[in-house]
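Here it is: the structure, laid out below.
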Amino acid sequence: MDLGLIVSTISTITPDRPWGIDIPNYFWFTGSSAAAFIISSFAHVFGMKEFKPIAGFSLLLAFVLLIAAPLNLIDDLRQPGRILNFFLYGWENFPTSPMKWGVLLLMAYPLLILAEAYILYKPYFRRNSTQQRTKEEIEKDEKLGFMLGAIGIPLAISVHGYTGYILGAVHAIPLFHTPLMPILFLASAMVSGTGLLIIVLPLFQKFFTDFKKIDYAMIARLARLLAWFIVIDLVIRFFWLTFAITFNSAEKYPLSLFFGEHLMEVIVVEYILCLAIPMIIGFSKNLARNFWIVLFGGILSAVGVWLFRWNTVIGGQSIGKTTPFLLEYHPHLFGPDSIFSIVANWSLLIALIAFVMVIFPWDKEMAKYYVNKKES
Amino acid sequence: MEKSRRNFLLGTGVAATSLSLVGYSDTLKHTLTLSDRGVKAKDSIYVNAALPECKVVDGDVSLSKKFTITPSVCNGCTTHCAVRVKIDNESKKVVRIFGNPYSLLSSDPWINYKTPLKESFKLLSAYKESGLEVRSTVCARGNLVHEKLNDPFRVTKPLKRVGKRGENKWQTISIEQLIQEVVNGGDLFGEGNVEGLKAFCDTKTPLDPNNPDYGPLANKLCILGTGDEGRQNFIVHRFSLGFGTANFMGHTATCGLSMRSGEAAYLNDFVKYPHLKPDFEHCEYLLNIATAPAQAGNPFKRQAKLLAHARVEKNLHYTTVTPTLTNSDAFAAQNRSSWVPIKPGGDLALVMGMIRYIIENRRYNEEYLCIPSEDSQNKLNDVSHTNASHLVIQSGEKEGFFLVDEKGEALVIDTSDNTLKPASLVLQGDIYFEGEVSYLGENYSVKSSFNLLKENAFALSLDEYAKESGIAKDTIQELAVEFTSHGRAVATDCHGGTMHTTGFYTTYAIMMLGALVGNLNHKGGMSAGGGKFKNFDGAKYNLLAYKGKNKPQGTRIDRARKPYEKSSEYKRKVESGQNPYPAKDNWYPFTNALQTEVITSSANEYPYKLGALISWNANFIYAQSGSKNLEPLLKDPKKAVPLFVAIDPFINETSKFADYIVPDSVLFETWGVVSPWSGYLTKANHVRFPILESPNAKFANGEPISMDSFIIELGKALGLKSFGENAIASKDGQFYPLHKPEDFYLRAFENIAIDGKEPVSEISDEELQICGLEKYIASLQSICKENWRRVAYVMSRGGRFASKQSAYDGDKMNASYKKAIAIYNEKVGTSKNALTGERYSGTPKYYPSRYCDGTKIKVGKNGYELLAFSYKSNVLSSATAALEKLREIRYTTYIDINPATAKKYGISHGDEVMLSSFEQSIKGIARFKEGTHPLSVGVEHGGGREGEGAVHVKIDGKSFEGKIERKSGVFLNKLGLLDHTKLGIATLSDFAVGSNARQAIPVKIEKI
Amino acid sequence: MSEEKSSVKRRDFVKKTSALLGIAAFSATGAKAFSLTNPGREKKDKRHIGQETKRFVMVMDLRKCVGCQACSAACKNENNVPKEKYRTYVPEYELGVFPDVRKAFLPQLCNHCAEPSCVSVCPTGATFARKDGVVVVDGDICWGCGYCINACPYDKRYFNPQTNVADKCTFCAHRLDAGLLPACVESCVGGARISGDINDSNSEVSKLLKQFPATVLKPESGNQPRVFYIGLNGEIQGLPFSLGLLDDKVKQKDGLTPKEWSSKGV
Ligand SMILES: Nc1nc2c(c(=O)[nH]1)N[C@H]1C(S)=C(S)[C@@H](COP(=O)(O)OP(=O)(O)OC[C@H]3O[C@@H](n4cnc5c(=O)[nH]c(N)nc54)[C@H](O)[C@@H]3O)O[C@H]1N2
Ligand SMILES: Nc1nc2c(c(=O)[nH]1)N[C@H]1C(S)=C(S)[C@@H](COP(=O)(O)OP(=O)(O)OC[C@H]3O[C@@H](n4cnc5c(=O)[nH]c(N)nc54)[C@H](O)[C@@H]3O)O[C@H]1N2
Ligand code: SF4
Ligand code: SF4
Ligand code: SF4
Ligand code: SF4
Ligand code: SF4
Ligand SMILES: [Mo]
């Protein structure tokens, strides 16, 4: 690279960075939640019948992911005890602080999912009661469900899109600063969300339903869906990177420095391993039929998106703004914003899944599609 | 779902929840209790900022009652700037250090001496923005230096070693035990009998009956100091000379002796060792060779400030000649600054080349050089004069001496009538004369000083000088032309970079450039300093004199100040018909003191072995190139130093080998009187008094132990006349006691206060209170009597300072150097190297780098292709490198290398490398630095500490772990060379004056 | 200055919009606690308001900077800046290739931007610009989200490990408010740091800016920094490119545990 006049740094300092491992994890969680929500809406908003069996399950997944997600944020705060300040002060900055938008979204979205789930599972909660639901009642619920779903989709998009906004608005960090960031986040969220479903759905179908059968067709369908999401994701990333690195802008040089340093890692891990392979699996009829291969693809893509979040959040911050070198992040093992925080967050997710799956009669609802089918 | 599966899920949920709670425990605790993490700042907006010392509203000053702001002196480096210290009245802790705006070392322009204190705060404030102009600064070190006060490694009680020397194991002892043991000796360490100081507190008995010229037994005591921070006169005149030893030395031999002696030769004064600095402010062209103003230098801040100011607001252009690009340069200064990279040691050839070119092309100031005397200078209304026209005898017994009349006045050839006359009667002497003259009936073959210089300059061709210096011929010419194109407002400066084997002549040559244009005492030229108000020897007292004071007698342990030819050894050899040369080791007839020779000489017992060594804040093991080799000599009490007492508040690289450590004060805890070193044009004195209470152990009279109080009590125990009752005499014949340091220093302050026609004003009660002087009123009144308010006035301003307006009289500096500049130095020209009997050249001359006996130092052989040098850090200094806060700003030091050179040796930026000299190897991290001469490797000085908290220490069984922040980095002196042509283990030095050769060390570099 | 006006307008607009949105969203919360800004500003605390008629700026006359770091040290001491955090620092560079090399220094501190991105992203209103342009953080309000730290294009903010809130140069507001000069200015050995009120056309800063071409760091950031540079080399104005800093690498070699974020070295 021709750097013009050679600059050698004799002395400077290492600047500070605020966001640690909690933040990529947070983004992964909200993203996957949004994706799960959208997939659940395929059936009752877009009327894609083939996704109906997993709509409820997916909705619950969206819910637990989103309940667990904000803990990452809180844990990342240096002063979590001042959480009220966020609600009380600083409204002047509402238009310019995407973080502020999060308050509204993070409160509204789970409530909405809960309402939707309640409506969906209402009949099953009432199983034991003798009362039969009237047709009107059912229609009313379906309409309500449709409406909540319809509101939910933009909300889901926002709840994750705003996180992309948080980053995209940071013009100080070249890796963050692109208007594509919200949709890039959404696209990759769809990938991780689908990947997660591919992992969790068979697990629950096999072990925690009465019918104990994995819907292999559904898995293959999800694999195909995943492949398409990857295509969209790749297209957006293509635009992002080609614009950022090819054409001259203030951001080109720091990004070249960054990608120059991380090229192999990014291409091999993020693109080939975590995106290209699952995509090939999804599009190849033969591979998509093999459950284990699909599962493998699902895991790859979920992990890949996590790494993408990591590379974006950590990588973006690793670029000096006035210092001419990259930083390295050494996460703490314990304490706030540490590796153990991530363990805690995933534990929380597992706990929430366990509880929610126990509380909600999702298996009964799901059985409707399989047991009936089989018997008929 | 089956019940068991349900339970499984519930079980998993509970387990995962608990894990999560553990992981989030701290976060949840704060979130749920809405409690804060950490501690709240003192102020929600101002955070933890200090409270302001005053408030200035519309020009009205109200001073805060929470603080006292008292003047003192910084000892973060040898500049010893005047500062003001903000002390919290409650905690008695230092809150901040500011510059003292009355002093030229911290402000320029500095405020008028008569400015009321309150007004000074206004002038420093934002009010009318006057603070921007008079801002009174302290440098990075000065801002943080007070961390020293509370250093966990600080020694506050006397320590005695347990175990072997250098093991760094200590026990605390009482002051009484300390004095008792040091005085009387005994089997102090279970290693056999050790003689106490009493054993040689004797100025009558000869030290060595075979060599009576060695002087009395008292010379077996040697005292080492460092730079003078205001107390050196006290220890030298009251203790060393009270005791009767000739052996006191400061740190000049490791600091800048090459420069000091070269300038002393040029100024023809080897007693006072005056020296020169540029008049930065009015200089038009400045040539910095082997020094780097703004990177370091003394006075560091003052010259940095003036340089920055003059290159922007005045007419200054300057060139810096160093192997490394330093902070003298700045891109933004554009063409005002330039850098000529030079290989270490290349300067002498460069400058001799310039001199040759200037003489050859008659670019010198002939009229000026022809002025032969002060009388003629005054008649011609010039500013200085030289001995260029004085005649040097070329043969016979008087070879090398000037031709003088019976009164000792030089005789010169008057150009108006070509006759020989005393210089004072001649306006213009012939500087080109060479031939026979007859005087009082005797014929002499003589040459003018100027011709001798010319001969030496013409010894090599310009091409040869270019080759030897590594500087292109064109560049040499350009520098010579530039230097001679600005009239007399040009200057040269040199210092640390001349610390190599030919540094003395390098300096002499660099200064000689100035003589060729006549810049001494000229506005914009060179100044020998602005002088000072009379301090120790003043109108009321001569504090340095007392009944029973000894003159230094005999031969110094470093064989300085004395020619070999006056020794009994020489006489014996001559008498027995032996060739007196070589002597056992070299002698240094025109050198003042050589700290670097002490350990070696004592180990060699040449001239004699020491009985005891007292070091006072001296750290030659860190300071001296090649000192690693001295450690074994120090470790074994039998080898060089039977008793080693270190007076130091820290256990440094040197004091860790001591038998006893006597805690000294840190920073602002003691008294002192110090004047700026040089680089200023108007009178200035700084005073220092204890503004903080020392945490040190106390004597029975309540005085905390420090160098001063220790030597008073030690002196009394030894029965010295310089302390105790009647030790101080006033000029009107009264006697006063010296029991406490204040008895001495307050009187020095009084001399300062009343010096001159107009004594200083009397202080008001309000001002006494403002700067916290109330606690001194009792002492002031009892010691200074009717003058007490004047003395307090001096204290309140941190000294006494003449106004900036008093600097010049037209183009002439008011503080002028009077003696003739030595184009030829008679003392040098008539002295001989004791190893070879070779006469030294009396004018600057090119010598390639060499050992003491003239053997060339080989570069390039066996892979030693590069020349290592060190340079002063812009941030660190040796006295502050252990400040951890400062190390946040400069964490470590590297081995700097030019990338092109590095490539040649397969070294990349950040590689660990091994650097080896003929003697030793060190490891370090290579750092690419474009601004490094390709034939050199550079190391920023200050890293790689092994004292002052960098290494493990055990005191009373308690361990103190060394801090890596203090230790990190490269320490180049470990590589220093030995001079095997000298006796025993001698570190390499300048062949003529003995200054420590720390630059231009042949090395090889390898990647590890 | 017209841009000053337009920014006021913009802020006005922002204020009004957010007022509406805020009120709509939170009319339910207790009106007492709820604030568009923060309690200190509402109360017109003078530490929050500053000196209303003034606009503090700084001019760095690089021709006079000697890279001595007195400023860095003075700031650390005056403001009790925690270990390994810096409100100001002076990177040292070398420009060019041997033998055509020059030294360059770049004293940096918070730019007290006219359009501070740290302020606009702050979700609690903890950080804000006083009326005299000094950008400060209210340490009682900040919840430590770090958004401002990432939003500052100049790396001029850090988390104070003692107080656990965002921290940065205050322009020594505590001294300005007492009629004094900032600590780094007082201690500037070369006289390169010149601070003052740009609304006063006779001030030193106004005069310098009228007389000499001056520029700011990363002008493309849109932040409109209010720290101006005279004699700035373009190559170091934005993000300079050079070999890495080795200090953190050496620290690791020395056996110190790496900081959470450290420089990569080479
Ligand atoms: N910041 C700071 N200031 C200080 C001090 C400090 O430690 N730090 N110490 C104080 C003290 S004690 C002193 S004595 C002065 C010294 O002040 P200076 O003399 O200015 O400092 P040095 O670094 O000893 O030497 C000056 C320069 O000589 C160059 N040099 C080395 N070898 C050679 C050579 O062979 N030829 C030439 N031409 N140049 C060479 C180096 O590049 C170095 O930059 O500074 C005082 N001021
Ligand atoms: N390689 C290399 N070597 C060098 C140099 C270089 O540039 N490069 N520079 C040389 C120069 S110019 C010099 S002047 C010498 C300096 O070397 P020295 O004259 O030996 O002095 P320092 O190391 O500055 O300080 C001596 C000791 O004083 C003590 N001390 C520190 N602070 C205080 C205090 O507040 N009060 C008291 N009472 N004592 C204190 C500490 O123990 C410290 O070690 O080093 C020389 N050595
Ligand atoms: S130049 Fe030296 S004496 Fe002056 S403030 Fe700095 S460290 Fe202290
Ligand atoms: S420099 Fe950074 S912290 Fe300072 S006002 Fe501008 S954006 Fe904010
Ligand atoms: S860290 Fe504090 S000041 Fe910064 S954006 Fe968050 S709440 Fe605002
Ligand atoms: S203005 Fe004050 S807070 Fe800001 S950098 Fe300077 S000293 Fe530090
Ligand atoms: S104190 Fe002034 S001259 Fe020194 S580095 Fe800072 S800005 Fe530059
Ligand atoms: Mo020195």
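Naming: A, B, ... by sequence-line order, numbering from 1 per chain.
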Next on the checklist: Is C71(C) close to chain B through its backbone or its side chain, or both, or neither, when contacts mean heavy atoms under 4.5 Å?
Outcome noted: neither

Item to check | chain B contact via Y229(C) - side chain, backbone, both or neither, heavy atoms under 4.5 Å | outcome: neither

Item to check | Donor-acceptor contact below 3.5 Å, side chain Y891(B) vs main chain D248(C) | outcome: no

Checklist entry - If every non-hydrogen atom of R193(C) is compared with every non-hydrogen atom of R135(B), which pair is closest and at what distance? => result O-NH1, 2.6 Å

Checklist entry - Side chain, backbone, both or neither: which part of S72(C) has a heavy atom under 4.5 Å from chain B? => result both

Checklist entry - Any ion pair linking E92(C) and K929(B) (charged N to carboxylate O, less than 4.0 Å)? => result no

Item to check | Of E888(B), E965(B), E884(B), the residue whose pairing with K83(C) passes side chain to side chain donor-acceptor pair (under 3.5 Å) | outcome: E965(B)

Item to check | Contacting region of F128(C) [heavy-atom separation from chain B under 4.5 Å] | outcome: side chain

Checklist entry - With a 4.5 angstrom heavy-atom cut-off, which part of V39(B) approaches chain C: side chain, backbone, both or neither? => result both

Item to check | Under 4.5 Å from any heavy atom of chain C - which part of A310(B) | outcome: neither

Checklist entry - Side chain, backbone, both or neither: which part of Q69(C) has an atom under 4.5 Å from a heavy atom of chain B? => result both

Checklist outcome for this item: Rounded to the nearest 0.5 Å, the CG atom of D140(C) sits from the CG atom of D36(B) at a distance of 8.0 Å

Item to check | Expected output: side-chain N77(C) to main-chain V95(B) donor-acceptor under 3.5 Å | outcome: yes

Item to check | Residue selection (most heavy-atom pairs with chain B, distance under 4.5 Å) from D100(C), L62(C), D138(C) | outcome: D138(C)

Checklist outcome for this item: Heavy-atom nearest pair, H909(B) first then L243(C), reads CD2-CB, 3.5 Å

Checklist entry - Which value, rounded to the nearest 0.5 Å, describes the distance between S130(B) atom OG and E204(C) atom CD? => result 11.5 Å

Item to check | Portion of S106(B) that has a non-hydrogen atom of chain C nearer than 4.5 angstrom | outcome: neither

Checklist entry - Can you say whether P161(C) sits under 4.5 Å from chain B via the side chain, the backbone, both, or neither, judging by heavy atoms? => result neither

Next on the checklist: As an exercise: rank E129(B), K40(B), R141(B), K305(B) by heavy-atom pairs under 4.5 Å with chain C and give me the winner.
Outcome noted: E129(B)

Checklist entry - Is chain B contacted by the side chain of K253(C), its backbone, both, or neither, given a heavy-atom distance below 4.5 Å? => result side chain

Checklist outcome for this item: Ranking A330(B), A333(B), C139(B) by heavy-atom pairs under 4.5 Å to chain C gives rank one to A330(B)

Checklist entry - With respect to chain C, which residue among Q295(B), E147(B), H146(B) yields the maximal number of heavy-atom pairs within a distance under 4.5 Å? => result H146(B)

Item to check | Approximate separation, where rounding is to 0.5 Å, of H30(B) NE2 and N164(C) CG | outcome: 8.5 Å

Checklist entry - Are any of the side-chain heavy atoms of E53(B) and L180(C) separated by less than 4.5 Å? => result yes

Checklist entry - Does some side-chain heavy atom of S187(C) sit less than 4.5 Å from a side-chain heavy atom of V138(B)? => result yes

Checklist entry - Is there side-chain contact between K64(C) and E313(B), with heavy atoms separated by less than 4.5 Å? => result yes

Checklist entry - Looking only at heavy atoms, which two atoms of P99(C) and P341(B) are closest? And how far apart? => result CB-CG, 4.3 Å

Next on the checklist: Within the 4.5 Å heavy-atom criterion, are H174(C) and D43(B) side-chain neighbours or not?
Outcome noted: no

Next on the checklist: Could you tell me if the side chain of Y46(B) sits less than 4.5 Å from the side chain of V136(C), heavy atoms only?
Outcome noted: no

Checklist outcome for this item: Minimal heavy-atom distance between V185(C) and L132(B), with the atoms involved, is CG1-CD2, 3.7 Å

Checklist entry - Pick from V189(C), N80(C), T163(C): which one has the most heavy-atom pairs with chain B under 4.5 Å? => result V189(C)

Item to check | Heavy-atom contact with chain B under 4.5 Å, split by part of D167(C) | outcome: side chain

Item to check | Among the listed options G38(B), A140(B), P293(B), S968(B), the residue most often paired with chain C at heavy-atom distances under 4.5 Å | outcome: A140(B)

Next on the checklist: Just so I know, are the side chains of T326(B) and K103(C) near enough to count as touching, which here means a heavy-atom distance under 4.5 Å?
Outcome noted: no

Checklist entry - Can you tell me if R311(B) uses its side chain to pair, donor with acceptor, with the backbone of R63(C) under 3.5 Å? => result yes

Checklist entry - Going from NZ on K251(C) to OG1 on T892(B), what distance comes out if it is rounded to the nearest 0.5 angstrom? => result 9.5 Å

Item to check | chain B interface, residue from V81(C), V137(C), T170(C), D61(C) that has the most non-hydrogen pairs under 4.5 Å | outcome: V137(C)

Checklist entry - With only heavy atoms counted, which part of L95(C) is less than 4.5 Å from chain B, the side chain, the backbone, both or neither? => result side chain

Checklist entry - Looking at G40(C), A74(C), C65(C), which one has more heavy-atom pairs under 4.5 Å with chain B than the rest? => result A74(C)

Checklist entry - Could you go step by step and tell me if N48(B) and N79(C) meet the side-chain contact (heavy atoms from CB on, under 4.5 Å) rule? => result CA-CA 6 Å; N48(B) 285 323; N79(C) 293 296; over 6 Å; no

Checklist entry - Does the side chain of C68(C) reach to within under 4.5 Å of the side chain of K301(B), using non-hydrogen atoms? => result no

Checklist entry - Got a second to check how far E94(C)'s CD is from F928(B)'s CZ, nearest 0.5 Å? => result 13.0 Å

Checklist outcome for this item: In terms of heavy-atom pairs under 4.5 Å with chain C, the winner among F98(B), W339(B), Y127(B) is W339(B)

Next on the checklist: Is it the case that the side chain of K76(C) and the backbone of K885(B) share a donor-acceptor pair, with hydrogens and angles ignored and the cut-off at 3.5 Å?
Outcome noted: no

Checklist entry - Around atom NZ of K259(C), are there more than 12 heavy atoms of other residues, nucleotides or ligands at under 6.0 Å? => result yes

Next on the checklist: Distance check, rounded to the nearest 0.5 Å: K967(B) atom NZ versus D254(C) atom CG?
Outcome noted: 9.5 Å

Checklist entry - Quick one: what part of D200(C) sits under 4.5 Å from any heavy atom of chain B, side chain, backbone, both or neither? => result neither

Next on the checklist: I'd like to know which of P934(B), A126(B), C54(B) tops the heavy-atom pair count under 4.5 Å against chain C.
Outcome noted: A126(B)

Next on the checklist: Whether the side chain of N898(B) engages the backbone of F98(C) through a donor-acceptor N/O pair (distance < 3.5 Å, no angle test) should be reported.
Outcome noted: no

Item to check | Region of A126(C) in contact with chain B, defined by heavy-atom distances below 4.5 Å | outcome: neither

Checklist entry - Would you say Y894(B) and D247(C) make side-chain contact, with heavy atoms under 4.5 Å? => result yes

Checklist outcome for this item: Residue from A183(C), C172(C), G196(C) scoring the most non-hydrogen pairs under 4.5 Å with chain B is A183(C)

Next on the checklist: Which atoms of V97(C) are under 4.5 Å from chain B, going by heavy atoms: the side chain, the backbone, both sets, or neither?
Outcome noted: both

Checklist entry - At a heavy-atom separation under 4.5 Å, does Y86(C) approach chain B through its side chain, its backbone, both, or neither? => result side chain

Next on the checklist: Looking at every heavy atom in both D329(B) and F105(C), which two are closest together, and how far apart are they?
Outcome noted: O-CE1, 3.5 Å

Checklist entry - Do side-chain atoms of R102(C) reach the backbone of Q334(B) as a donor and acceptor pair under 3.5 angstrom? => result yes

Checklist outcome for this item: Heavy-atom nearest pair, G190(C) first then A308(B), reads O-CB, 3.8 Å

Item to check | Side chain / backbone / both / neither for L256(C) at chain B, heavy atoms under 4.5 Å | outcome: side chain

Checklist entry - With chain B, which of G255(C), G231(C), P82(C) has the greatest number of heavy-atom pairs at distances under 4.5 Å? => result G231(C)

